[in-house]
Amino acid sequence: MRIDILTIFPSFLQPLQLSLMGRAAESGLVDVHVHDLRQWTHDRHRTVDDTPYGGGPGMVMGPEPWGEALDEIATMSGDRPHLVIPTPSGRSFAQPIARQFSTRPWLVFACGRYEGIDARVATYFANDPRWDGVGQWSIGDYVLAGGEVAAMAMIEAAVRLVPGVLGNAESFQDDSFADGPMSDLLEGPVFTKPVEWRGLSVPDVLLTGHHAHIRAWRLRQAQERTAENRPDLRPMPDLPEVN
């Protein structure tokens with residue numbers, strides 16, 4: 001899987017060299033390239049933005065450097081890249097989208113700043129046959145200073161699902177929003193050693209070794225946590241109590 005990221009702050013993306021992402025890159029499972037958008041500017045101030053047509057506050061990132069950068073990036077590999085634009089005005093990014101991303105051979109993230117990227121960039125490359133579509137995605141109902149943090153969140157969500165990235169392929173099967181019976185549930189509480197800590201004990205059922213009871217308890221905990229924290233996901237059905 002190849003990932004290219006365009007930004008005016010390349011150092012912002014350094015955390016992608018660490019932990020899970022770093023190991024995935026070292027093992028050759030993912031190939032990450034970070035590009036400075038200002039490489040594709042031609043004035044001495046390396047200008048990437050201008051005032052918005054129609055008036056209004058802030059600045060808009062101009063289409064010229066984006067167009068030149070994306071034209072060149074499209075020639076860097078044999079596959080057709082899919083363009084991802086993080087933006088608070090995009091569709092909601094969720095686990096099913098992360099799974100789709102994880103199957104794509106090549107993703108390119110365009111990290112906007114200021115009031116965003118001139119809308120013609122998305123329109124143009126959505127119709128450019130060299131590209132495998134354009135998606136505009138939001139990671140939540142809030143506004144960030146730029147697209148870098150959102151891009152890193154989407155990249156990590158996708159890369160951890162790439163086969164071989166996690167040491168244990170079953171590690172993500174019980175995650176919140178994973179496929180299966182827990183697909184629209186938040187993951188319940190987890191525990192490890194010691195059994196007693198500051199007057200608090202690990203629930204007895206987890207110490208029994210009775211796998212059916214443990215699965216039922218975990219499902220109940222996931223249902224209760226979802227009902228409390230995310231009641232919008234689904235109603236909580238009646239489940240039998242676990243003794």
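If you're wondering where the values come from, they're calculated on a predicted model, not measured in any experiment. Along the sequence shown, residues are numbered consecutively beginning with 1.
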Enquirer: Between atom CG of Asp50 and atom CD of Glu64, what is the distance when rounded to the nearest 0.5 Å?
Expert: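 The CG atom of Asp50 sits 8.5 Å away from the CD atom of Glu64.
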
Enquirer: Do Leu219 and Leu185 touch side chain to side chain, with heavy atoms closer than 4.5 Å?
Expert: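 Heavy-atom side-chain distance check passes, below 4.5 Å.
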
Enquirer: Find out whether Arg215 and Arg218 are in side-chain contact, i.e. whether some heavy atom of one side chain is under 4.5 Å from a heavy atom of the other.
Expert: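 A side-chain contact is absent here, since even the closest heavy-atom pair is not under 4.5 Å.
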
Enquirer: Is the number of heavy atoms from other residues, nucleotides or ligands under 6.0 Å of Arg91 CZ greater than 12?
Expert: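 For Arg91, atom CZ is not crowded (no more than 12 foreign heavy atoms under 6.0 Å).
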
Enquirer: Would Val162 and Thr103 count as a side-chain contact (heavy atoms from CB on, under 4.5 Å) here? Give the steps.
Expert: CA-CA 7 Å; Val162 172; Thr103 65; over 6 Å; no

Enquirer: So how far is it from Asp36 CG to Ser11 OG, rounded to the nearest 0.5 Å?
Expert: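 Those atoms lie 9.5 Å apart.
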
Enquirer: Before giving the answer on side-chain contact (heavy atoms from CB on, under 4.5 Å), spell out for Ser138 and Thr87 the whole-Å C-alpha distance, their side-chain angles and the decisive distance to 0.1 Å.
Expert: CA-CA 5 Å; Ser138 168; Thr87 169; over 6 Å; no

Enquirer: For Ser102 and Arg99, indicate whether the former's side chain and the latter's backbone hold a donor-acceptor pair under 3.5 Å.
Expert: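 Yes, the answer is positive, given that a donor and an acceptor are paired below the 3.5 Å cut-off.
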
Enquirer: Show the nearest heavy-atom pair for residues Ile85 and Ala122, with the distance to one decimal.
Expert: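 Residues Ile85 and Ala122, closest heavy atoms: CD1-CB, 3.8 Å.
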
Enquirer: Using atom types as modelled and distance alone, determine if a side-chain donor or acceptor of Arg80 lies under 3.5 Å from a backbone N or O of Pro129.
Expert: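 A pair under 3.5 Å: yes.
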
Enquirer: Looking at side-chain heavy atoms only, is the closest gap between Ile8 and Met61 below 4.5 Å?
Expert: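 With C-beta onward as the side chain, the pair touches.
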
Enquirer: Are Ile5 and Cys111 packed together at the side-chain level, in the sense that at least one heavy-atom pair is separated by less than 4.5 angstrom?
Expert: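 They are in contact (side-chain heavy atoms under 4.5 Å apart), so the answer is yes.
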
Enquirer: Is the ring pair Phe191/Trp217 parallel, tilted or perpendicular, if the boundaries are 30 and 60 degrees?
Expert: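 Tilted: the ring planes of Phe191 and Trp217 meet at 30° to 60°.
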
Enquirer: Are any of the side-chain nitrogens in Asp79 or Arg104 under 4.0 Å away from the carboxylate oxygens of its partner?
Expert: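 Salt bridge: no.
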
Enquirer: Considering only heavy atoms from C-beta outward, does the side chain of Arg38 approach that of Val48 to under 4.5 Å?
Expert: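 Yes - at least one pair of side-chain heavy atoms lies under 4.5 Å apart.
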
Enquirer: Can you name the closest pair of heavy atoms from Ile97 and Ser92 and give their distance?
Expert: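 Here Ile97 and Ser92 meet closest at CG1-O, 4.4 Å.
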
Enquirer: Would you say the side-chain atoms of Arg2 pair up with the backbone N or O of Pro105, donor to acceptor, closer than 3.5 Å?
Expert: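 Flag not set: sc Arg2 to bb Pro105 has no pair under 3.5 Å.
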
Enquirer: At what distance, to the nearest 0.5 angstrom, does CG of Leu206 lie from CD of Gln221?
Expert: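 Answer rounded to 0.5 Å: 8.5 Å.
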
Enquirer: Hydrophobic clustering (ILVMFWY, side-chain heavy atoms < 4.5 Å, transitive) - are Trp197 and Leu207 grouped together?
Expert: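 Result: no, two separate clusters.
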
Enquirer: With side-chain contact (heavy atoms from CB on, under 4.5 Å) as the criterion, how do Asp128 and Leu70 come out once you've worked through the C-alpha distance, each side chain's angles and the decisive distance to 0.1 Å?
Expert: CA-CA 11 Å; Asp128 187 329; Leu70 294 170; over 6 Å; no

Enquirer: Looking only at non-hydrogen atoms, find the nearest pair between Phe93 and Ala157 and report the distance.
Expert: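 Smallest interatomic distance, heavy atoms only, reads CE2-CB, 4.0 Å.
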
Enquirer: Do other residues, nucleotides or ligands put more than 12 heavy atoms under 6.0 Å from Glu156 CD?
Expert: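 Not more than 12 within 6.0 Å, no.
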
Enquirer: Determine the minimum heavy-atom distance between Leu83 and Ala110, stating which atoms define it.
Expert: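 Reported closest heavy-atom pair: CD1-CB, 4.1 Å.
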
Enquirer: In terms of side-chain geometry, is the basic nitrogen of Arg113 or Asp49 positioned less than 4.0 Å from the acidic oxygen of its partner?
Expert: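 Not counted as a salt bridge, because no side-chain N and carboxylate O are separated by less than 4.0 Å.
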
Enquirer: Taking the side chain as everything from C-beta on, heavy atoms only, tell me whether Leu37 gets closer than 4.5 Å to Thr7.
Expert: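 Counting from C-beta outward, Leu37 and Thr7 never come under 4.5 Å.
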
Enquirer: Can you tell me how far apart CG (Leu6) and NE2 (His33) are? Round to the nearest 0.5 Å.
Expert: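 Rounded to the nearest 0.5 Å, the CG-NE2 separation comes to 12.5 Å.
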
Enquirer: Please report the interatomic distance CH2(Trp131) to NE2(His82), rounded to the nearest 0.5 Å.
Expert: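 Rounded to the nearest 0.5 Å, the CH2-NE2 separation comes out at 10.0 Å.
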
Enquirer: To the closest 0.5 Å, what do you measure between OG (Ser201) and CD (Glu196)?
Expert: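 Here the rounded value is 3.0 Å.
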
Enquirer: Name the orientation class of the two ring planes belonging to Phe9 and Phe12 (parallel below 30°, tilted from 30 to 60°, perpendicular beyond 60°).
Expert: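 Phe9 and Phe12: tilted rings.
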
Enquirer: So do Leu107 and Met1 actually touch side chain to side chain, heavy atoms under 4.5 Å?
Expert: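 Yes, side chains in contact.
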
Enquirer: Is a donor on one side and an acceptor on the other found under 3.5 Å between the side chain of Thr41 and the backbone of Asp43?
Expert: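 No, because the side chain of Thr41 does not come within donor-acceptor range (under 3.5 Å) of the backbone of Asp43.
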
Enquirer: For Val165 versus Val159, what's the shortest heavy-atom pair and its separation?
Expert: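 Heavy-atom minimum between the residues: CG2-O, 3.3 Å.
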
Enquirer: Is a donor on one side and an acceptor on the other found under 3.5 Å between the side chain of Thr226 and the backbone of Leu186?
Expert: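 Yes, the answer is positive, given that a donor and an acceptor are paired below the 3.5 Å cut-off.
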
Enquirer: Could you check Asp71 against Arg130 for side-chain contact (heavy atoms from CB on, under 4.5 Å), going step by step and ending with a plain yes or no?
Expert: CA-CA 9 Å; Asp71 283 343; Arg130 298 171 301 171; 2.6 Å; yes

Enquirer: So if I apply the side chain to side chain contact (heavy atoms under 4.5 Å, CB included) rule between Leu13 and each of Glu148, His35, Met21, which one comes out positive?
Expert: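 Option passing the side chain to side chain contact (heavy atoms under 4.5 Å, CB included) with Leu13: Glu148.
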
Enquirer: Are more than 12 heavy atoms from other residues, nucleotides or ligands located less than 6.0 Å from atom OH of Tyr142?
Expert: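 Atom OH in Tyr142 is packed in, count exceeds 12.
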
Enquirer: Is there side-chain contact between Glu224 and Glu228, with at least one heavy-atom pair below 4.5 Å?
Expert: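 Answer no - side chains too far apart.
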
Enquirer: Would you check if there is a donor-acceptor pair between the side chains of Trp106 and Asp4 at a distance under 3.5 Å?
Expert: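 Result is yes, a qualifying pair exists.
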
Enquirer: For the residue pair Pro52 and Val60, what are the closest heavy atoms and their distance?
Expert: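 Of all heavy-atom pairs spanning Pro52 and Val60, the closest is CB-CG2, 3.8 Å.
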
